[in-house]
Structure formats: C-alpha cells, structure tokens
Amino acid sequence: MSVLIWLIPVALGMGGLGLLAFMWSMKSGQFDDLDGAAHRILMDDDKPIPPSDSQKD
Amino acid sequence: MAALDSSHLDTSSQVDPQAFVRIADGQSRLDLLVRGAVCAGCIARIESGLREDPRVENARLNLSTGRLALSWRGDPALASEYVSKLRSIGYPATPYEPESEADPQKEEERKLLRAMAVAGFAMANVMLLSISVWAGGMEMTETMQSLMHRISALIVLPAAAYAGQPFFRSAWTALRNGHVNMDVPISLAVFLACGLSIWETFIGHGHTYYDAAVMLLFFLLIGRFLDMRLRARAGEAARGLAAMQAATANRLRPDGRVEAIPARDVLAGDRLVLAAGDRVPVDAVVVEGQGALDGSLVTGETQPVEAGPGTEIFSGMLNLDAKLVLEATADRDNSLLAEITRLVEAGEQSRSRYVKLADRAAKLYVPVVHSLAALTLVGWLIIGGEARPAIINAIAVLIITCPCALGLAVPAVQVVASGRLYREGVLVKSGDAMERLAGIDTAVFDKTGTLTEGRPRLINRSDIADTDFETAARLARTSRHPLSRAVADAAGMGEVTGDAREVSGGGVEAVEAGVTIRFGSARWLGIETAEDAYTEAWLQIGDQEPVCFRFQDQLRADAKATIKALQERGCQVELLSGDRTGPVASIARELGLDTWQAELKPQDKIARLEALKAQGRSVAMIGDGINDAPALAAADVSISLASAAEISQAAADFVLQADKLDSAVIALDVSRGAKRRVLENFGLAVVYNMIAVPLAVFGFVTPLVAAIAMSGSSILVTLNALRLSR
C-alpha cells in the first residue's frame with residue numbers, strides 16, 4: 001500500500017497539469033475560432049493565392 | 001449598357017468604413033464582418049489578398065464568427081480600398097463596432113468556464129479516491145480510509161469554495177432580499193455536504209460526501225454555462241445584425257468638405273448631407289433641398305412624405321430622390337425616437353414580470369424539499385432518539401434531492417432548441433422567450449414590411465400600352481428611385497436611355513429622337529390628380545396624354561401560408577397598421593382577416609395589445625418598423641425581421657434572419673416542442689425524487705447511491721433534451 005504515497009500525488013499532479021493546460025489554452029484564445037482552426041491546418045503558406053470562384057470558370 | 005445589379009442598390013454597401021477605423025500608435029485598425037467565408041480557401045484568399053498590400057500589418061479572419069481584424073500603417077482612408085478589394089474577390093464586408101475587451105458578459109462566461117474546469121478536475125480526482133474507498137471498504141484499514149478522506153477534503157474544499165461562488169453569491173443576494181431561489185437549496189446542500197464530511201473525516205469516521213458536493217457543482221455549472229453560452233451567442237448574432245445596418249452620416253464641415261462619421265457621433269446642430277438612397281441617420285430638420293422620403297419604416301405609411309426646408313424628418317426614413325442638407329435637431333428628448341425609446345423601456349419593464357418555468361419549479365420545490373428534510377430530522381430524533389443518524393439522514397435528503405436534474409432540465413432543452421432555430425435562420429434573444437412563445441394564443445401583425453414586402457410594385461401593367469411601358473422602362477432603369485425600380489423590375493432586363501437626366505424631386509427626363517420624355521411625379525409634370533389610395537408616377541411623351549402608373553405594396557409570398565399555419569395552431573390573428581385605411585383594408589381582405597385596425601399610432605398599438613392582454617390572452621407581436629418597437633416590447637413575446645429597424649430588432653425576442661415570415665411558424669413549433677421537453681424533464685426529476693427521497697428518508701442512502709442517482713438523472717434529462725434536435 002505504500003505505493004499510494006507517491007501514486008496519489010502523481011495522479012493529482014497529472015490532473016492538475018491538465019487543468020492548467022486548459023486554463024492556459026482558454027486564456028490564449030484557442031477556443032475563439034473553433035471552425036477556423038480546423039481549416040487553417042489545410043492551408044499552404046508558400047503557394048500563391050488560389051483564384052476566386054468567379055475567376056475559375 | 002449599365003448592368004443593373006442589386007449590389008449598388010444595396011444601402012448597406014454605402015456605409016463608409018472610414019468612420020469605423022480606430023487609430024492607435026500610428027496604426028489603423030478596422031473590424032469587418034465578412035459574408036460568404038466558409039472554407040480554408042476563403043481564409044487564404046481573404047488574408048493573403050489583403051496582405052499583398054505591404055502596408056497591411058495584420059489580417060486575421062475568425063471563421064466561426066465571420067469577423068476580420070485588419071490593421072495597417074498609414075492613412076485611415078485606405079479602409080474603403082480594402083473593403084472594395086474584399087468585395088472584388090467575392091466577400092462583401094461591413095464594418096462594425098467591436099465590443100470592448102472588458103465586456104462583462106464575456107468575463108462572466110470565462111469565470112463560469114474556469115469554475116466548471118476546477119469542479120471537473122476535483123470531481124474526477126475525488127472519484128478516484130472515493131471509488132477505492134467504496135470498493136475496498138472491507139479490506140482497507142481505518143487509517144488508510146481516513147487518509148483518503150483527508151486527501152479528498154484537501155481537494156474538494158478549495159475547489160468547492162471556488163467553483164461554488166456563482167451559486168453562493170446568487171443565493172446570498174436572494175436571501176438578503178427576502179426571496180428564495182434555486183441557488184439557496186444548492187448552496188445549502190453543498191455547505192452541509194462539506195460540513196458533514198469534515199465532521200465525519202475527523203470525528204465520526206463514517207461516510208463522507210465530498211464527491212457528491214463537487215459532482216453537484218459540476219453538473220449545475222454545466223447547466224449554467226449552457227445558459228450563459230446561449231445568451232452570449234444570441235447577443236453576438238444580434239450585434240452582427242446591427243453591424244449589417246451600421247449607420248453612418250455624412251457631415252458637412254464648415255470648409256465645405258464632407259466627412260463620414262458614425263451616426264452616433266452626430267451632434268445637435270451638425271449639418272449633414274443626405275444623398276438619394278440614404279437613410280436619415282438622426283432626427284433632423286431639412287435645411288436645403290426638396291424631395292420625397294419613404295417613411296414606411298417609421299410610421300408604417302407607404303405613401304412617401306414630401307419634405308422641404310423646415311420639414312422635420314426622423315431617423316430611419318429613406319431619402320428617395322433629391323440630395324438634402326439637414327441640420328441634426330438638438331432637442332432629442334422631444335424627438336420621435338426618444339418617445340419611442342421611452343415606450344419601449346416601459347414595455348420591457350412590464351415584461352420582466354414574467355416568471356420563468358425554472359423559477360416556478362423552484363418555488364414549488366424549495367419548501368417541499370426543506371420540509372421533507374426537517375421531517376426526516378424530527379422523525380429520526382423521535383424514533384431513534386439519537387442525533388447523529390438523524391442529522392446525517394436529513395442532510396442526505398438535501399443532497400439527494402438537490403436539483404441537478406432540475407438545473408439541467410431547462411438550459412439543456414433551450415440550448416438544443418435555439419441551436420435548431422439558428423439553423424432555421426431564427427435568432428433567439430433569450431431562453432425564456434421560447435417559453436413565452438409556446439404559450440401564445442393571439443398573433444398580432446404589422447402590415448408594412450412585415451406582411452408586405454415594404455416596397456412598391458406596379459399594379460396596373462395591363463392598363464398601359466406596351467410601347468409606353470417600354471419607354472418608361474428605358475428611363476426607369478437609369479434611376480434608383482423605388483418607383484423606377486418597380487417599373488424596371490416589372491420590365492426585366494433591357495435597353496437604357498442614353499442621356500437620361502434625373503431631376504431631383506421630380507423624376508427622370510430624356511430626349512429620344514427629338515421628343516422629350518419625362519417619367520415622374522404628377523407635381524413635377526403639372527398634372528392634376530385625384531387623391532386616391534395608390535402611389536402614382538406619370539409618363540409624358542412629348543405633348544401626348546400622360547400615362548398613369550399605379551403602385552402598391554405587395555404581400556409577401558409566404559404571408560398567407562403563415563397566417564393559415566398560425567390559425568391552425570390555435571392562434572387568433574390580428575392586423576394593426578399605421579398605414580391609411582384603404583391599403584390596410586385591401587390587405588386584410590386579401591388575407592381573410594376579420595380583425596384589423598388602421599391609422600394607429602405606436603400608443604394605439606400598445607393600447608390594443610393591453611386590451612387583448614386584459615382579456616387574458618397571450619399575445620405575440622410580429623412587426624418591423626420603428627413605430628412597432630413599443631408594441632414589440634409591450635407584447636408577451638415579439639418577433640421581428642432581419643430587414644427591420646434596429647430598435648425593433650433590439651426590442652424583439654426573435655429575429656427572423658432569413659427575412660422569411662414562415663420562420664415564425666417554425667419558431668412557434670420548436671418553442672412548443674421545447675416546452676414539452678422541459679415539462680417532461682420536470683416529470684423525470686419528480687420520478688427520480690420519488691424513488692430517491694424515500695431511500696434517503698429511511699437512511700438507505702450511501703455516498704455511492706447518491707453519486708449514481710445524481711449522475712443518472714442528469715444524463716437522462718440531457719438525453720431527453722437532445723431528442724429535440726431532430
């Protein structure tokens with residue numbers, strides 16, 4: 001049972017880290033644009049601007 | 001030929017973005033609401049399109065809200081260049097006033113989210129310890145159990161003190177004012193659960209309820225957060241709508257130059273230039289110029305108002321033909337808008353008397369639960385004769401009946417229902433608006449702009465010879481006047497007269513094959529006309545007999561179906577209009593409405609609504625004009641349209657964003673469905689209590705039973721709410 005002496009603090013510490021990470025991400029505005037983030041990952045930074053829809057046809 | 005597309009007729013595109021530029025340390029900033037951005041390509045096109053200009057320092061689009069934050073070095077006047085650049089790549093943008101960073105509602109939302117995260121963290125970790133105690137209760141030594149309880153206390157007490165604040169504060173405020181709200185039993189349950197657990201940890205060595213205390217807070221905070229999120233989202237959408245019709249004014253400076261400023265910056269005495277097609281930004285007096293204004297949004301009257309020097313005109317009127325110079329009126333307290341605002345505020349006060357379903361449930365719930373707990377205490381004292389089990393069981397009753405399910409019952413349903421309404425293009429301002437809408441039995445409509453389209457249509461096309469009609473259309477296509485547009489709409493695409501000249505306050509004039517052709521008002525052409533119910537324009541070719549064009553506001557395509565659908569749902573429908581009797585009577589006849597009134601002032605509309613309410617009816621008001629705003633605020637529940645005046649949208653509970661009237665029927669159906677779900681949820685909570693309370697009263701509740709019962713009922717209620725989304 002003595003294993004609990006450090007197992008419980010580790011569990012608590014990990015939970016606490018998760019909580020801190022959440023607080024930080026909230027504060028740094030990562031939840032402000034949930035839709036945009038999903039699309040931005042697909043963007044290439046080094047390409048020219050894609051032509052607009054009206055210019056394509 | 002010049003293409004007549006709708007974009008240059010759209011008044012919102014006329015807003016000068018420069019008025020919204022904020023300047024800070026050499027940098028110009030502008031927030032824009034961008035329409036039509038939906039994908040990664042859109043982000044790339046917009047952001048890199050703007051960054052092509054080396055002066056642009058930052059361009060970032062928020063895809064969820066459609067807001068673009070733009071900043072650049074240099075001249076604020078570049079703003080309009082960027083807006084037209086966005087338009088040219090296919091994303092029309094409107095400037096808007098961003099809410100300040102210190103927005104109290106946003107701060108409140110963050111606080112709730114933080115409290116929820118802390119409660120969630122504490123709940124998960126305490127469960128870890130509690131479950132090991134429950135599972136290993138037989139083998140675990142007393143010392144180990146005590147250690148587990150002490151660690152739990154260490155986690156839960158600070159977490160509950162932090163996460164419980166929203167409830168404690170609200171309960172304290174209520175108690176101090178002599179009320180009881182739902183937060184009182186919640187706070188009591190949390191305090192007693194913590195207190196009992198501390199006592200058991202250090203003195204009694206029995207069951208502890210640490211996990212129950214945080215679990216309770218966690219579930220209730222979810223409910224609170226959903227409720228807050230709903231209001232925040234509605235507020236955001238409402239600000240977006242307001243931005244779409246952001247008003248700017250063109251101020252005439254003493255040196256003769258014209259500058260664009262936001263309408264709210266206009267001071268009394270400022271001279272303003274009002275071009276044809278612009279809306280009057282503030283109440284004013286005409287100083288120079290002569291022309292007609294469309295006041296349908298202000299008074300409900302479709303007949304244009306003639307204005308000349310000295311005429312008082314009101315914010316919201318649309319300038320139809322001539323350029324006017326105005327002087328903003330100093331005496332705002334006596335202006336029409338001030339009067340309307342006063343009436344709106346009075347109406348909103350009377351509405352705040354509505355008691356929400358959740359509060360009504362709380363009123364029933366609180367005394368029942370508290371007397372049950374007291375009875376348990378007394379009963380155990382008499383039968384058992386011992387204080388400790390009596391207190392423990394009484395507290396168990398309070399904990400287990402704590403309104404977890406009740407706290408989630410209403411917000412979960414409202415979030416799902418309003419989410420569904422958003423998808424249908426209906427903006428809901430508050431959760432209790434849906435409750436109020438569900439209970440209506442009378443629907444009162446405004447006419448102009450609500451049941452009708454609010455713009456004239458040609459009605460006597462068959463009386464006009466084809467050649468005359470074609471000639472008129474050639475002239476009409478060159479003009480932005482609503483009557484010209486009505487003729488152009490009726491004629492469709494076609495040729496345009498080359499050298500047409502618009503005479504301000506008169507009409508359009510052109511010379512074709514040596515003959516002067518004029519299309520315009522009777523006054524300008526010097527024609528004597530009989531006063532009748534229609535708006536008219538006349539065509540004169542050379543010296544020939546003038547031809548009359550008659551116009552009338554037309555019913556919306558879905559007006560008839562909407563009224564029929566409302567009647568099928570048990571609503572009595574009435575029509576109250578500020579317009580003259582003739583047009584109102586003909587619309588009422590067309591719709592088959594028996595009860596209608598015309599030529600009503602805003603006060604008269606309120607009086608009629610109050611009379612209906614006095615008969616015990618629940619009244620929904622559907623309107624759009626500035627003159628409807630007080631009635632919208634006075635009704636039990638109100639619906640406005642996307643094209644409505646800003647003050648009406650602000651006063652209304654629902655805004656139909658798609659500008660389609662039949663969305664009102666969808667709103668009614670969803671609201672009624674939501675009310676049913678809420679009542680079902682209350683039923684579930686009652687059933688749950690009927691099982692759990694006897695267990696608690698007779699002392700069979702352990703912390704394990706409490707945990708299962710609480711989470712079980714919360715999940716059940718949430719699942720029931722989710723059924724509404726289909």
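A, B, ... follow the sequence lines: proteins, then strands. Residue 1 opens every chain.
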Of the backbone (N, CA, C, O) and the side chain (C-beta and beyond), which part of B/L129 lies under 4.5 Å from a heavy atom of chain A, both, or neither? side chain
More than 12 non-hydrogen atoms from neighbouring residues, nucleotides or ligands closer than 6.0 Å to CZ on B/R29, yes or no? no
Just how far is it from atom CE of A/M23 to atom CZ of B/F121, taken to the nearest 0.5 Å? 10.0 Å
Return the option, out of A/G18, A/A37, A/A38, A/G16, with the maximum number of heavy-atom pairs under 4.5 Å with chain B. A/G16
Among all residues two or more places apart in sequence or in another chain, which pass the side chain to side chain donor-acceptor pair (under 3.5 Å) test with B/E81? none
Residues forming a side-chain contact (heavy atoms from CB on, under 4.5 Å) with B/V83, sequence neighbours excluded: B/P17, B/L32
Proximal component of B/A124, with respect to chain A [non-hydrogen, under 4.5 Å]: neither
Between B/L128, B/I151, B/V118, B/L113, which has the largest tally of heavy atom pairs under 4.5 Å with chain A? B/L113
Heavy-atom count check: over 12 atoms from other residues, nucleotides or ligands less than 6.0 Å from B/R51 CZ? yes
Set out, in order, the CA-CA distance, both residues' side-chain angles and the distance that settles side-chain contact (heavy atoms from CB on, under 4.5 Å) for A/I8 and B/N125, then state yes or no. CA-CA 9 Å; A/I8 290 175; B/N125 281 286; over 6 Å; no
Gap separating the CD1 atom of B/I43 from the CZ atom of A/R40, nearest 0.5 angstrom: 4.5 Å
Check whether A/L12 gets within reach of chain B through its side chain, its backbone, both or neither, counting any heavy atom under 4.5 Å. both
